[in-house]
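Note that the structure is a prediction, hence the values are computed from the model and not measured. In what follows, chains carry the letters A, B, and so on, assigned in the order in which the sequence lines appear, proteins first and then strands, with residues in each chain numbered from 1.
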Protein chains: 2
Amino acid sequence: MKKDQVTITDLARELNVSPSTVSRALNNSPFISEERKKVILELAKKMNYSPNQLALSLLNKRTKILGVVVPEITSYYFSTAINGIQDKVGSSGYKLMISQSNESFEEEIRLMEAMALVRVDGFLISPSSNTLNYDHFEKIKDSGFPLVIFDRDCVGLEADKVVVDDYSGAFQAVEYLIQTGCQRIAHITGSTNLSTTQHRRKGYLDALQNNNFPILEDLIVIGDDSSSESGVACMQKLLDLRQIPDAVFCYNDAIAIGAMSVIRERGIEIPDQISLVGFDDEPYSSYFKPSLTSVWQPIYDLGLLSAKILLDNLEMEKENPNYRFEVLKPELVIRESSRKII
Amino acid sequence: MKKDQVTITDLARELNVSPSTVSRALNNSPFISEERKKVILELAKKMNYSPNQLALSLLNKRTKILGVVVPEITSYYFSTAINGIQDKVGSSGYKLMISQSNESFEEEIRLMEAMALVRVDGFLISPSSNTLNYDHFEKIKDSGFPLVIFDRDCVGLEADKVVVDDYSGAFQAVEYLIQTGCQRIAHITGSTNLSTTQHRRKGYLDALQNNNFPILEDLIVIGDDSSSESGVACMQKLLDLRQIPDAVFCYNDAIAIGAMSVIRERGIEIPDQISLVGFDDEPYSSYFKPSLTSVWQPIYDLGLLSAKILLDNLEMEKENPNYRFEVLKPELVIRESSRKII
DNA sequence: CTGTTAGCGCTTTCAA
DNA sequence: TTGAAAGCGCTAACAG
């Protein structure tokens, strides 16, 4: 069914010239007479010729395709990062092959292998939460593929990485809660495997210690994942404590939203009785009632920078394993769900 | 920097056999001795050989790559559709090349052309809101690329299409508002170019007429786009009317959320004074206060079905232009932002 | 300036 | 069973 594409040989035959001459005309090489060039280009347009990138790629060993693997494409977070990646590479003529691992380690490997077969020029990967072993990344690197890890860190892996300073974001948030007079600050976490979860938790703990607050294990609830449903479940646990918290720092906005609904159901006032803080600053967070205080992340920039680093690697063809580790700064956005500074 | 890949010729040379023999071993052709086959396969594994898909694609004229273009990847809506597409094609070994047009007609053309050059096997397109001319689609079809249009219809274009019955969704929503006693039902639209906007508006109008309600032009506000900001602006206009509406049917949830915030600011009660209905049923809609009544769309299935149709076309290699037009049914999800049936 | 040749990595006749 | 040769579409080196 697919019509045969017009090839350079078709054009050559038509005009009784050699394929190389046609090629020269098409790439406007200086070694061709203006006349011929004109005729050839006209015919090319007339016959609706378009070069076969496949043949070119085979020749140049470059596909101008970049492989992107994210845990889930549906999340605001990762789709925004992809947005940044796309905006960066689009102008350089790179195309994106995108897939989601669904937080599956095996799927991540499978996807990367498939992309390697297509000979993508490089990889932009945000590892799944179940990726605890980095052999596949090492293998990809050994095969000569440039690789940039973004958003989630892989401790111990040598590679270019771009992440957000989760520690700082969490620290800022909890410091703020303390300054506004909160005394019993709880924390709902996300998937424990993730570097982001660990850093945010550390930020929470350090902010408490820094202010000589006791660490109360009861007030730290481990979520199954980072969904609103998990937020609901975890907040219920917190409200079932004999002494409930007067503030909750959540791993992300989704959790915070779930928590908010539970707090409301129980007739507890936000922020008067409980201050609530999220992380990510999703678009709708300012529209909740009360609007959600959250830690904004430069996620679009994260995509942009990751892509830039990959492109740099592609151009430099550098041999020196001088890996970059870029850390972007998040910012606390204060809204109604937390008390004001007294 | 990129290491040279091990080729079939490398293996052949190593073992002093011909490349064709190696090829036969790798594809376990019957015309090869078991012995040789074993030796070759072992060496292949040892040398970490992997076939070059590029060469294969050039030979077979099939890349096993599908091109996907959506207006914006960041929206919950389209990323969920992509999710469905991915789940459908992944198991068949197809890879996805995904791009967003950012609602730009020119960008859409540019992206499709670039994908055509890479010789994707087919296209899954959700047209931009500025795509009013379908020449590029016709051209792609003429070149022999299978094409499936999804979510947004292109009236007059002959192609496989999968859409949601927006008319029905809107009709259901407005019927419901009427049944719950609303008298002055307003409508905030999205981008006027879109088939979805037109159908939802038509559903709104017909539901009114069906119930002998007058059409009041004042109560129909045209949004610039379908963002929450637009919802804010449009709702303000409605509340500035001498006689405000007692219900608002919004083009989508984002607009409804914006509208909700304005209504709240003015101290008007939802749903007692104004009922509010959205469209899309985004994940957070049930967490708003009040939770948002909305029209749920089978958007994941829409992606799934679109992909299935494309794959069918790819397999059938059919010549008969027997285009499919699939319409999926949405469902009204009633929550707190609308009154109950009396 | 232009044509011939070779080759990117692989498969598929066609002979042997 | 195996190898040689041709070709997918294109470019580049080398003659002319």
Seminar exercise, completed: Span of DNA chain D engaged by chain B, first through last nucleotide within the 4.0 Å heavy-atom cut-off, is D:dT1 to D:dG9

For this session: Could you verify whether a donor N or O on one side chain and an acceptor N or O on the other, from B:Asn193 and B:Ser129, lie under 3.5 Å apart?
Result: no

For this session: May I ask you to say whether B:Lys161 pairs ionically with B:Asp153, meaning some side-chain N is under 4.0 Å from a carboxylate O?
Result: yes

For this session: Return the set of residues passing side-chain contact (heavy atoms from CB on, under 4.5 Å) with B:Leu41 (not counting sequence neighbours), or none when no residue passes.
Result: B:Leu26, B:Lys37

Short N/O separations, protein against nucleotides 7-10 of chain C, under 3.5 angstrom:
from   : atom 1 : to      : atom 2 : distance (Å)
C:dC8  : O3'    : A:Lys61 : NZ     : 2.9
C:dG9  : OP1    : A:Lys61 : NZ     : 2.5
C:dC10 : OP1    : B:Tyr49 : OH     : 2.6
C:dC10 : OP1    : B:Asn52 : N      : 3.1
C:dC10 : OP2    : B:Ile8  : N      : 2.5

Exercise. Just checking, is any N or O donor in the side chain of A:Ser128 or A:Thr131 under 3.5 Å from an acceptor N or O on the other one?
Worked result: yes

Problem set entry | Note, A:Val155 side chain near A:Ser195 side chain (heavy atom, < 4.5 Å) | no

Problem set entry | Inter- and intrachain pairs under salt bridge (Lys or Arg N to Asp or Glu O under 4.0 Å), touching residues 6-16 of chain A, at least two apart | A:Asp10-A:Arg13

For nucleotides 14-16 of chain C, print each protein N/O atom paired with a nucleotide N/O atom at under 3.5 Å, atom names and distance only.
none

For this session: Begin with the C-alpha distance, continue with both residues' side-chain angles, and end with the deciding distance and a verdict on salt bridge (charged side-chain N to carboxylate O under 4.0 Å, His left out) for A:Glu113 and A:Arg110.
Result: CA-CA 5 Å; A:Glu113 281 174 350; A:Arg110 216 184 55 70; over 6 Å; no

For this session: For residues 20-32 of chain A, pull every pair meeting salt bridge (Lys or Arg N to Asp or Glu O under 4.0 Å), keeping only residues two or more places apart or in separate chains.
Result: none

Exercise. Which is true for B:Ser20 with a 4.0 Å heavy-atom rule: it touches a base, it touches only sugar-phosphate, or it touches nothing?
Worked result: base

Problem set entry | Side-chain ion pair, A:Lys45 and A:Glu42, N-O less than 4.0 Å | no

Problem set entry | salt bridge (Lys or Arg N to Asp or Glu O under 4.0 Å) partners of residues 94-104 of chain A, not counting sequence neighbours, each pair once | A:Glu103-A:Arg152

Exercise. Considering residues at least two apart in sequence or located in another chain, which fulfil the ring pair (Phe, Tyr, Trp, His ring centres under 6.0 Å) criterion with B:Tyr300?
Worked result: none

Problem set entry | For A:Ser306, side-chain contact (heavy atoms from CB on, under 4.5 Å) partners two or more places apart | A:Leu124, A:Val148, A:Phe150, A:Val162, A:Leu302

Problem set entry | ring pair (Phe, Tyr, Trp, His ring centres under 6.0 Å) partners for B:Phe123, two or more places apart | B:Phe145

For this session: Within residues 35-47 of chain B, find the residues that approach DNA chain D with a heavy atom at under 4.0 Å, and present them sorted by residue number.
Result: B:Arg36

Exercise. So, A:Lys139 and A:Asp135, do they make that salt bridge, N to O below 4.0 Å?
Worked result: no

Exercise. Relative to the 5' end of DNA chain D, which residue comes earlier, A:Asn60 or B:Thr21, by the nucleotide with the nearest heavy atom?
Worked result: B:Thr21

For this session: Pick out which of B:Ser20, B:Ser18, B:Pro51, B:Ser23 makes a side-chain contact (heavy atoms from CB on, under 4.5 Å) with B:Ile8.
Result: B:Ser23

Exercise. At how many degrees, to 10°, do the end axes of the helix from C:dC1-D:dG16 to C:dA16-D:dT1 meet when each uses five pairs?
Worked result: 60°

